[in-house]
Structures are given as C-alpha cells and as structure tokens.
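The structure appears right after this line, and notes come after that.
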Amino acid sequence: MQHPLLAELNDKQCEAVAAHERHMLVLAGAGSGKTRVLVHRIAYLMQEQQVSPYSILAVTFTNKAAAEMRGRIESLIGSSTRAMWIGTFHGLAHRLLRAHYMDVGLPQNFQILDSDDQQRLVKRTIRSLNLDEKRWPPKQAQWFINAKKDEGLRPHHLDGYDFNERTLKEIYDAYQVACDRAGLVDFAELLLRAHELLRDNAIVREHYQRRFRHILVDEFQDTNSIQYAWIKLFSGVGESQGATGFVTIVGDDDQSIYGWRGAKVENIQQFMRDYPDVLTIRLEQNYRSTSTILRAANNVIGNNQGRLGKELWTDGSAGEPIDVYAAFNEMDEARYIAGRIEQWREHGNALTDVALLYRSNAQSRVLEEAMLHARIPYRIYGGLRFFDRQEVKDALAYLRLIAGRNDDAALERVINTPTRGIGDRTVGIIREAARDRGITLWDAARQLVTEKTLTGRAANAVGAFLALIDTLEDETGDFALGRQVDVVIKRSGLMAMYEAEKGEKAETRVENLKELVNACDHFAEPEEADENMTPLNSFLAHAALESGDEQADEHQDAVQLMTLHSAKGLEFPLVFMTGVEEGLFPSQQSMDEAGRLEEERRLCYVGMTRAMQKLVITYAEQRRIYGTDMLHRVSRFIGEMPSDALHHVRMKVPAYSSPSAPAMGRFHSGASHEAFEQTGFQLGQRVRHSKFGEGTVLNYEGTGPQSRIQINFDDAGSKWLVVAYARLDRC
DNA sequence: CAGTTAAATATTTTT
DNA sequence: TATTTAACTG
C-alpha cells in the first residue's frame, strides 16, 4: 500500500520523499517540483517514519521561501509546525545567538546592522583612521569585510603582505571593534558568530546535534563557505563521535547565479565528498514549460563545462516556437513588447501572467515608459523595501536607542534628525572623545556634558537629546508597541519634520511613518521568542531580518518587471527576455573574468525556464546606455539555441503607434548624423527598395559610395546593401 | 545650517 | 542620461 503522500508524485520524487535515514542530494531542475519534494518529505518523515517535528531543521535563503515552506507543510499535515526550525540561514543564526548571547560575548539587546547601516559605519571607521576615502572607498572595504566573514576569517587570520590588504585588514579590525563596543552585528557576523559558537562550544554543539536528526537545505548551490561549514557542524559529520543528523540538500548547479557574491557551486560536489553514502536523485521531469522552450534551454546550458549533468524533459506539447525580435533600438524594443502585451490582453489573458526580464535595472525605465504609454499596468520588483526607507529607518533608530543606548549607528543617525543644533562639529567632538576613551558615543556625549567640556549651546542641545531618549524610555516603556512607536515618532519631532516638508515625497514619508505604527499594532511576536526578549527587541529584529514584504497593491492585474536574478524561482505563462545583446547579456564585465561567462549562461537558462507557454526574446541593435549610444551584436546565447526552435519576427511598426512616437526622435543625434554624412541616409529612416519594399535603416559601415547600410525590410527581413548599387528611395 | 552646484559614477541581491 | 554625494556659499 502506497502512502497517500506519495500518490501524486513521479518515481524520482517518490524516491526522494521516502528515502530512509541517509544523506541525500536532490538535483532538482527548473520546474521539477523541488519545493513540493521538500515539503512532502518533511510531512512524510513525520507521518511515516515517526520523526518528531522537534528534530527537523529546514533552511532556506529568503524569508519568502521559508514562509512558503512552512505554510505548505502546515496545510499538508494539518497541524502547527511550531516545534520545527524553519527559516533562513540568517534568521536561524539570529535565533542561536539570542539563545546563547552570553556564550558568544554579545549583550542581551544586541542589534542587527543592515547593509546600509554597515556602510555608514565602515565609512566612519575609515575616516576615524584618517584614511583617504577616495583611495579606500567604503563600498569596497565593506565588500572586503563581508567576503572575509563569509570565508570564516577574522582580522587576525589575515596575513596581508601587500599594502592594500594590510590597510583593509586594519579597517576590518577597527570596524569590528566599533561593532562590538556598540553591540552591533552585521549580516555576515550573524553567520560567522553562530558558526564559531557551534565550533567552539561542545556543549551547545552536541545539544543541537542530538536534537536535529533531519536537516534539509534548499537552494544549496547558493551556499557560501560559512553556510556550508554551518550545516556540517549541525550534522556532526566528520566528527569522531556524537549523533549524526541526516542532511538532504536540494539544488541545481545550472541555476547557480550568485557566484559573484560568494556562493560556491562546488559545495555540491564537496557535499558528496564530505558526507558518507550520499544518495543522489535527479529530478529532470519538468512540469512548467513547453518542450520547445526546454529544448532550447537545454541546448544553451549544454555549452557549460563541468556540469553535474541533467537534462530537462516534459511529456507536454511542443508549443509555439520562441520568438526573436531584433529591434533597432531600445525604444523600439519596448514598443514591440507593449504591442505584444496588448495582443495578449485582447485575447483575454491576465497581465499578471506576463513577465519582462532584463539583465540590469537600468533597462527597466524604457520598458516602464512604453507600458505607461500603452496604458498597461505594471509592477516593478526590487524597489526600496518598507523597512529600508529613510523615514522608517529614522524611527527605528530612535527605537533602537531606547532599547539600548550603546547603539552607535542608531545614535549617529538621529542625533541631529530632526535638526536640533548638534552640528558636524559637535558630533565630531563626541566621536573623538568616544574613540580616545574607548567608549560608546552615548557615554561620550554624557561625559562631555557632565564634564562641561562642551560649550553652552552645544551642551544644551546634546543634553536635551540625551534627556529626550531617557524620557521616551521612561514614559513609553510600558506602552503597547504601536502606541510606543506613535509617541516616539511624535515626541522626537520626526513626524513634525516630515510634515513640514512639502511635495509628494514628504507626504508618502508621513504615510509610511503612520504605516509603521500600524505595522507595530499588528506585529505578532514570533512563537519561538524567548522570555528575555522584549516585544520591542523582537520587532527590531523582525525589521532588520525581513526588510518588509512586497508592496500592497499586489492584487492588481499588472505586468511584472524584474531582473533575471529576481525571477529565479518564479514562473509565468508569457515571458519576455529583453536586451539579449553581447555586452549587456552576457554583460561586458562578465566576459573579461574567467568563469563568469558560464554564470551568465546559467542566468540565461534561468530566464528561459521561467516561461511556461511562450518565450519572446528581444534585442536592440542600438541602445543608449548612460547617455552614449552603443551598437551591440546579438547575444551569443541566441546562437546557442536550436534554430528550428526560433522564429525571427520581422520588424513591423505596430499600427497603434503614431509616427511621432518618441523613438523616431531618437535618431537625430550623434551616430545618426555621422551615418548621414557617410551614406546619405539616417539611422531609423524609412526607405523603399524596388524589390524588397519598404524598410527602416538600422546600421551602416564604411564611408562614401562604397558604404553599406543595413535595412530591416518590413516584409523581407534585414539586409545589408551597398548604397551605390541599391537604388533606394526615401519614403 | 540650509540650499545650491559641481562632480563622480552607474551589473546582478538577500539577509 | 540620471542620480547620488561631496564641496561650497549665503
């Protein structure tokens, strides 16, 4: 008798779900039901193998994935998953540090530094070391620090011989001292500290090793070194004694697109070496795309070396061919897409089913304009999230100070926001005192006031600020969270400050502050919260670790615009992959460095496999990037697709677009003038040929009468013609 | 201290 | 090109 949980799964999926106690690698191709397998396996472990939810640990990368997993498990087993540890690497690390803050030398109320806060602090550190910010850009230093932490390296592990490394090491060291003094933990530090806790504290380590019998990791191809080491410590594998947890990793080496931020695909192979007797299962049946799309995607990714090997297949239909549209510039590309979407809509399809994918965010603007022009509602992914907004961060900084006075990053942010007469000069004095005495800014400010080192006006202002924070804690400490935040926003003067500003921007800021109060009112404390964590502290952690869900108007029927990266894990019936040009996709930067081109190819694979029914690929012969016109060749990736899966669309100016459309104006500059000088024709100009009919001038090469021009004929496609021989008429 | 102007600079992103 | 940030001025 087969277990009901296995009923609707294919053979491979069943094998993965029902595997007995052993380590397992599930190579799950795009659209192969990866999450389904993960969720069913957890349910199966509990129902069939009598595994207690208490001994299950499931790790994901994003909060969204964690929430989805939890939700799906609950609806599958019909009961709470409270006892299970399900979360992101960072969320779980935070949980560990909270529970063992004393063991890792953190104050009880330590706060999390997001990357924005981190950058400010790094910048401050560089200044305090009297280093030139031009020579040592804070961004790069921040990147360096995080990269080292991701490798598990502390400053003392670095033996930089060259001057560059030595200085960066110095910055890292000073930054870490500042963090420790203020009780601040950045994202990478969460992982590193949690790792050190498990590594160095046998009692804690053995406790968790005994507890977690089953460890499941999603998107394993995206793990970095410290995350890999983390899982290994939890599992107890490679240690001489102690209990062993069984680790299931799920991932797809072909979808590894985060190598540039420290992810190591090799961790999959490393897993097979480090863990004994690993069962490998390939999920290759795809339930998402047409066979045409899969065939093309397989062909593209087949050009990569050293793959673990996997070929997606489907028993679905071939579907339509992939359309390829060669636009003459980015405006034309956008206009064409808008036209296609209008057709899609006229056929009664939903706009939410359409995605526009691009390599870099800068490409979104032109697409947006075209959507606006065609009155197609759209939604852009990856904007500023709620808790990242300036006004919200201001409010949170006040709350952080109330929660703990040592938070230097928070103090820096709001000591003069709104302005209260504490200028750069005064703050500089406080910083200097703090550095000299090795204390936090708060303590330094207080000492300077009591010592009367500060002069009259400054002393008053600083004193008033210190008193404000103290009073706020005294008076609102007992309030419910929402009410507390409301009072803090008002009494601090933040609300008044934004209310006084004019313009639409300021209005939304005021709205956001009100929304923050609202969010606090509805904030449900996590069930696992320990008793020594105040509601305020749990809210602050929530704000730092989950910088806000997507926007509210999610339900509007709108086209989705996003980068290829953020499309991973999603699927859409109709997908447009735009800007598929050499230099843009693959991007120029990736073509220089070894290994990066393959990652671009994987990105292409990811993009293609988002499409369920129809994939449309577009590229522009000419594109304006940062103010200069670029001529691009078509991306090599298109050449890697089987030509019989492609349908090259002829350029046709859609009927709805007026001749005065902005795209035509585009050609009256630079390159176009030059083209006119050489050939007598302008780029974008309409011409007529006796045999090929009407077309648009795309490009030119050479000079004088021997020069050739490329014309995209409406009916005959694109052709290169020598100006002297082709009898062309202007239309 | 606030407002203005000049200059630098711009894949990809989550936590 | 457009946006952000540092330096300058009233």
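Below, chain A is the first sequence line, B the second, and so on; all start at residue 1.
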Exercise for the section: Tell me the stems DNA chain B sits in, counting at least three consecutive Watson-Crick or G-U wobble pairs, each under 3.5 Å on both distances. Expected result: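 Stems (3+ consecutive pairs) listed as B:1-10 with C:1-10.
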Problem - A/His90 ring center near A/Phe61 ring center (under 6.0 Å) - result: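 Not close enough - the centres of the two rings lie 6.0 Å or further apart.
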Exercise for the section: Please find out if less than 6.0 Å separates the ring center of A/Tyr208 from that of A/His100. Expected result: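 So the answer is yes for these two rings.
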Exercise for the section: Could you tell me whether A/Asp424 and A/Arg431 have a side-chain N and a carboxylate O separated by less than 4.0 Å? Expected result: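 Salt bridge: no.
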Practice task
Using a strict cut-off of less than 4.0 Å between a Lys/Arg side-chain nitrogen and an Asp/Glu carboxylate oxygen, indicate whether A/Glu189 and A/Lys149 qualify as a salt bridge.
Solution key: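 The answer is yes: the pair qualifies as a salt bridge.
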Problem - Any residue meeting ring pair (Phe, Tyr, Trp, His ring centres under 6.0 Å) with A/His632, in chain and number order, not counting sequence neighbours - result: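 Partners of A/His632 by the ring pair (Phe, Tyr, Trp, His ring centres under 6.0 Å) criterion come out as none, since no residue qualifies.
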Exercise for the section: Using a heavy-atom cut-off of under 4.0 Å over every strand shown, decide if A/Asp186 touches base, sugar-phosphate, or nothing. Expected result: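 Counting heavy atoms under 4.0 Å across all strands, no contact is made by A/Asp186.
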Exercise for the section: Would you classify A/Ile422 as touching base, sugar-phosphate or nothing, given that sugar-phosphate means primed atoms plus P, OP1 and OP2, and contacts are heavy atoms under 4.0 Å? Expected result: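 Sugar-phosphate only.
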Can you tell me how far [atom2] of [N] sits from [atom1] of [X], to the nearest Å?
{"X": "A/Lys568", "N": "B/dT14", "atom1": "NZ", "atom2": "C1'", "value": "11 Å"}
{"X": "A/His195", "N": "B/dT15", "atom1": "NE2", "atom2": "P", "value": "22 Å"}
{"X": "A/Ile112", "N": "B/dT15", "atom1": "CD1", "atom2": "C1'", "value": "9 Å"}
{"X": "A/Gln111", "N": "B/dT15", "atom1": "CD", "atom2": "P", "value": "19 Å"}
{"X": "A/Gln142", "N": "B/dT15", "atom1": "CD", "atom2": "C1'", "value": "13 Å"}
{"X": "A/Tyr381", "N": "B/dT14", "atom1": "OH", "atom2": "C1'", "value": "16 Å"}

Problem - Identified salt bridge (charged side-chain N to carboxylate O under 4.0 Å, His left out) partner of A/Asp114 from the options A/Arg385, A/Arg120, A/Lys393 - result: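 Among A/Arg385, A/Arg120, A/Lys393, the one that satisfies the salt bridge (charged side-chain N to carboxylate O under 4.0 Å, His left out) with A/Asp114 is A/Lys393.
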Practice task
Return each pair, listed once, that meets salt bridge (Lys or Arg N to Asp or Glu O under 4.0 Å) where at least one residue sits in residues 215-231 of chain A; pairs must be two or more places apart or across chains.
Solution key: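 Listed by first then second residue: A/Lys34-A/Asp218, A/Lys34-A/Glu219, A/Glu219-A/Lys568, A/Asp222-A/Lys568.
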Quiz question: by atom type and distance under 3.5 Å, do the side chains of [X] and [Y] form a donor-acceptor pair?
{"X": "A/Glu581", "Y": "A/Ser635", "value": "no"}
{"X": "A/Tyr175", "Y": "A/Asp186", "value": "yes"}
{"X": "A/Gln622", "Y": "A/Asp629", "value": "no"}
{"X": "A/Gln111", "Y": "A/Asn537", "value": "yes"}

Practice task
Classify the ring geometry between A/Trp260 and A/Tyr258 as parallel (under 30°), tilted (30 to 60°) or perpendicular (over 60°).
Solution key: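 Judged by the thresholds at 30° and 60°, the geometry between A/Trp260 and A/Tyr258 is tilted.
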Practice task
Could you tell me how the ring of A/Phe539 sits relative to the ring of A/Phe523: parallel (under 30°), tilted (30 to 60°) or perpendicular (over 60°)?
Solution key: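 Because their plane-to-plane angle is over 60°, the rings of A/Phe539 and A/Phe523 count as perpendicular.
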Completion exercise
Reading nucleotides 7-13 of chain B from 5' to 3' and marking B where a protein heavy atom lies under 4.0 Å of the base, S where only the sugar-phosphate is that close, and - otherwise, the string is ---BBBB
Practice task
Provide the start and end nucleotides, 5' to 3', of the part of DNA chain C that has atoms under 4.0 Å from heavy atoms of chain A.
Solution key: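 So the outermost contacting nucleotides come out as C/dT1 to C/dA6.
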Handout entry: Least distance between heavy atoms, A/Ser115 atom then A/Gln142 atom
Key =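 It is O-NE2, 3.0 Å.
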Problem - Comparing A/Gly423 and A/Leu545 on DNA chain B - which has the more 5′ nearest nucleotide - result: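 Between the two, 5'-proximity favours A/Gly423.
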Problem - Nucleic acid contacts of residues 114-127 of chain A, taken as heavy-atom distances under 4.0 Å to DNA chain B - result: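 Residues of residues 114-127 of chain A that come under 4.0 Å of DNA chain B are, in numerical order, A/Ser115.
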Handout entry: N/O (side chain, A/Asn63) to phosphate O (OP1/OP2, B/dT15) under 4.0 Å
Key =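 Checking B/dT15 against A/Asn63, a side-chain N or O does come within under 4.0 Å of OP1 or OP2.
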Problem - Pairwise P distance for B/dT12 and C/dT5, with rounding to whole Å - result: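 Going atom to atom, P in each nucleotide, I get 16 Å.
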